[in-house]
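Please read the structure below before turning to the comments.
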Amino acid sequence: MSVSVETSAGAAPTPGDTSVPARRQHLAQRTLAARPSEVRKVFRAAQRPGMISFANGAPYLGALPFERIAADAQRILLESGERSFQYGSSDGIPELRAHICELMKLEGITAGPDQVIVTSGSQQALDVAARVLVNPGDVIFAEGPSYAGGMAVFTSYEAEIVHVPMDADGLIPEELERLIGEVRADGKTARGLYTIPNFQNPGGVNLSAERRLQVGELCRSNDLLIFEDNPYGLLGFDGETMPAIQPGFEDITLYFGSFSKMIAPGLRVGWVLPPASLYGHLLNASETSQLNPAVYSQQLISAYLDDPAWRDKLVEYRAIYREKFNALVETLAEVMPAGTIWNRPTGGFYLWVKVPAGIDTEALVYDCIERGLVYVPGTAFYTDGSGHNELRMSFCLPSLDEIRKGAAILGKVFSDAVAGAASSD
């Protein structure tokens, strides 16, 4: 996917713009091999007023209790401002790590605060883990499709992504076993499995309880690490919480959590619970990349969780997201061309849509942008070129009116594409 951007002569390049070539001798080999994120390219192309975005996996923040948060912020600064603005512990402040352990109990995880490493978002935690554990040429298995940011982390350390097929119950263990055999037959090192078992990004599916055990046993018997990424586990529409993979497989599982989806991404706080044997290595690597996570952000989140009302707010958000999801699928059912199918997630942020053969969602994304709508084409969630007739729609951030209007635009563009293909036959 390419984006044509006109600039005035002599204008400074936009930060992050790779269209201005650097001298190759200045770049590391892993940088030369890196591919720009398709998701980020879509975001940059869509930054204009009035755009309806199904692209950004961002939470709706309008229901946050900002007055209470502001009061907490003032109190924290008045009572402990010097601590808030000072360097802190490299593993995170004790009170937040205690809250994290209480949250993980909801998914069956038993851990102590001294086992948790707080990070600047779970993305940073994943980057640290890959830096410590992944060698160039290693194979990382991941669901197909999978979270683009997660795959970008592993490929930045020169790993190869091998996609494992999914169905309505998540990753298929038999396919994982088959692929492990093929990778090893090719003489490659199978390093680990990257999985999002709850309301998967972008597929929206849950890994069934039975398969969680099967996957854990497969990874253990094949000496694979499990990178269990779980930003959405508490965001089921009905409030049901599934047990994590980590219990029972503590020795091989790195569990990643985040406050970005359930509270606010701008605070940039996440965590990793690694196996005991890896804790020191990850903590050392985390220190080199950030020294310590921001103390003030940690204090704000800890204060938010001190008040039991956070549970009521979570219930409110689940209801908001359920209503938005229903509005999206109801409108899509009215406007999308025949042959379009989608999953029925029971929580999380995403709807995964497959359109009829002949509709290239990557080619049509800019037609939609011109009409005021942006989504992420399916190709962004694979490393093997798949996904041209798929797309991800995030329904949490837009308003109900925007959801209905945006879905109507999508239906019009895709229906016209089907009609155009038929007329050319």
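Taken to the nearest 0.5 Å, the CG atom of Asp360 stands 8.5 Å off from the CG atom of Asn389. Going from atom CD1 of Ile369 over to atom CD1 of Ile409 covers 11.5 Å, rounded to the nearest 0.5 Å. With rounding to the nearest 0.5 angstrom, the OG atom of Ser394 is 9.5 Å from the NZ atom of Lys324. Atom CD in Glu175 sits 10.5 Å away from atom CD in Glu177 (nearest 0.5 Å). Atom CZ of residue Phe54 and atom CE of residue Met393 lie 4.0 Å apart, to the nearest 0.5 angstrom. The structure places CG of Leu282 at 12.5 Å from CG of Asp91, a figure rounded to the nearest 0.5 Å.
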**OP:** Give the intermediate values and the outcome of side chain to side chain contact (heavy atoms under 4.5 Å, CB included) for residues Tyr375 and Leu364.
**Re:** CA-CA 10 Å; Tyr375 60 83; Leu364 291 176; 3.8 Å; yes
Subject >> Residues Met242, Asn206; criterion side chain to side chain contact (heavy atoms under 4.5 Å, CB included); working and verdict >> reply: CA-CA 9 Å; Met242 292 190 70; Asn206 280 336; 4.0 Å; yes
Original post:
Going through the checks in order, is the side-chain hydrogen bond (donor to acceptor under 3.5 Å, both in side chains) test met by Tyr157 and Asp127?
Top reply: CA-CA 9 Å; Tyr157 292 103; Asp127 185 88; 2.9 Å; yes
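Using a 4.5 Å heavy-atom cutoff, the side chains of Ile180 and Leu176 are in contact. Between Val413 and Leu373 there is no side-chain heavy-atom pair separated by less than 4.5 Å. Between Gln123 and Val153 there is a side-chain heavy-atom pair separated by less than 4.5 Å. In this structure the side chain of Pro197 reaches within 4.5 angstrom of the side chain of Glu228, judged on heavy atoms. Side-chain contact between Leu193 and Leu225 is absent, with no heavy-atom pair separated by less than 4.5 Å. At least one side-chain heavy atom of Ile245 sits less than 4.5 Å from a side-chain heavy atom of Leu207. Within the 4.5 Å cutoff, no side-chain heavy atoms of Arg83 are placed close to those of Ile76. Put simply, the side chain of Leu332 does not reach to within 4.5 Å of the side chain of Thr340, judged on heavy atoms.
Within a 6.0 Å sphere centred on NZ of Lys313, other residues, nucleotides and ligands contribute more than 12 heavy atoms. Shown here is Asn135, whose CG atom has more than 12 heavy atoms of other residues, nucleotides or ligands within 6.0 Å. Applying the 6.0 Å contact sphere to NE2 of His281 captures no more than 12 heavy atoms from other residues, nucleotides or ligands. In Glu250, the CD atom is crowded: over 12 heavy atoms of neighbouring residues, nucleotides or ligands sit closer than 6.0 Å.
For Gln200 (side chain) and Pro145 (main-chain N/O), a donor-acceptor pair under 3.5 Å exists by modelled atom type. A distance-only check finds a donor-acceptor pair linking the side chain of Glu402 to the backbone of Ser399 [under 3.5 Å]. At least one donor-acceptor pair closer than 3.5 Å links the side chain of Arg322 to the backbone N or O of Phe237. A donor-acceptor contact shorter than 3.5 Å is absent between the side chain of Ser302 and the backbone of Gln298. Although no hydrogens or angles enter the test, the distance criterion places no donor-acceptor pair under 3.5 Å between the side chain of Arg392 and the main chain of Pro377. With hydrogens and angles ignored, the 3.5 Å screen pairs no side-chain donor or acceptor of Glu316 with any backbone N or O of Asp312.
Closest of all the heavy-atom pairs between Cys368 and Phe414 is SG-CE1, 4.4 Å. Counting all heavy atoms, side chain and backbone alike, Ile117 lies closest to Pro274 at CD1-CG, 4.4 Å. For the residue pair Pro293 and Val118, the shortest heavy atom distance occurs at CG-O, 3.6 Å. Scanning both residues, Ala168 and Val205, for their nearest heavy atoms gives O-CB, 4.1 Å. The shortest non-hydrogen separation linking Pro398 to Ser53 is CG-O, 3.2 Å. A pairwise comparison of heavy atoms in Glu107 and Asn198 identifies OE2-ND2, 4.0 Å as the closest pair.
With a 6.0 Å cutoff to the six-membered ring centre and a 45° limit on the axis angle, Arg371 does not count as a cation-pi contact of Tyr366.
Judged by distance alone, the side chains of Ser84 and Gln299 do bring a donor and an acceptor atom under 3.5 Å apart. Under 3.5 Å, the side chains of Tyr255 and Asn230 contain a donor-acceptor pair of N or O atoms. Side-chain atoms of Ser90 and Glu287 form a donor-acceptor pair, as typed in the model, at a separation below 3.5 Å. Between the side chains of Gln290 and Ser286, at least one donor-acceptor pair of N or O atoms lies under 3.5 Å. Side chain to side chain, Asp384 and Ser386 meet the donor-acceptor criterion of an N or O pair below 3.5 Å. A donor-acceptor pair shorter than 3.5 Å can be found between the side chains of Ser289 and Gln124.
Taking the six-membered ring for Trp, Tyr317 and Tyr321 have ring centres closer than 6.0 Å. Between Tyr350 and Tyr232, the distance from one ring center to the other falls under 6.0 angstrom.
The ring-ring contact (aromatic ring centres under 6.0 Å, His included) pairs that include a residue from residues 71-117 are Phe85-Tyr296, where partners are two or more places apart or lie in different chains. Sorted by first and then second residue, the ring-ring contact (aromatic ring centres under 6.0 Å, His included) pairs involving residues 170-199 (not counting sequence neighbours) are Phe154-Tyr194. Applying the salt bridge (charged side-chain N to carboxylate O under 4.0 Å, His left out) test to residues at least two apart or on different chains, the pairs with a partner in residues 179-191 are Asp138-Arg191, Glu160-Lys188, Arg178-Glu182.
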Side chains of residues 257-273: which donor-acceptor pairs under 3.5 Å do they make with residues two or more places apart or in other chains?
| residue | atom | partner | partner atom | Å |
| --- | --- | --- | --- | --- |
| Ser258 | OG | Ser260 | N | 2.9 |
| Ser258 | OG | Ser260 | OG | 3.2 |
| Ser260 | OG | Arg268 | NH1 | 3.2 |
| Lys261 | NZ | Gly57 | O | 2.5 |
| Arg268 | NH1 | Pro265 | O | 3.1 |

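Using a cut-off of 4.0 Å between Lys/Arg side-chain N and Asp/Glu carboxylate O, Asp238 and Arg318 are scored as not salt-bridged. Residues Arg211 and Asp167 are paired through a salt bridge, judged by an N-O separation under 4.0 Å between the basic side chain and the carboxylate.
Here the rule is side chain to side chain contact (heavy atoms under 4.5 Å, CB included) with Gln246, and of Ile252, Thr110, Thr253, Leu254 only Thr253 fits it.
Looking at residues two or more places apart in sequence or on another chain, you find a ring-ring contact (aromatic ring centres under 6.0 Å, His included) between His163 and Tyr382. With sequence neighbours excluded, the residues satisfying ring-ring contact (aromatic ring centres under 6.0 Å, His included) with Trp352 are Phe381.
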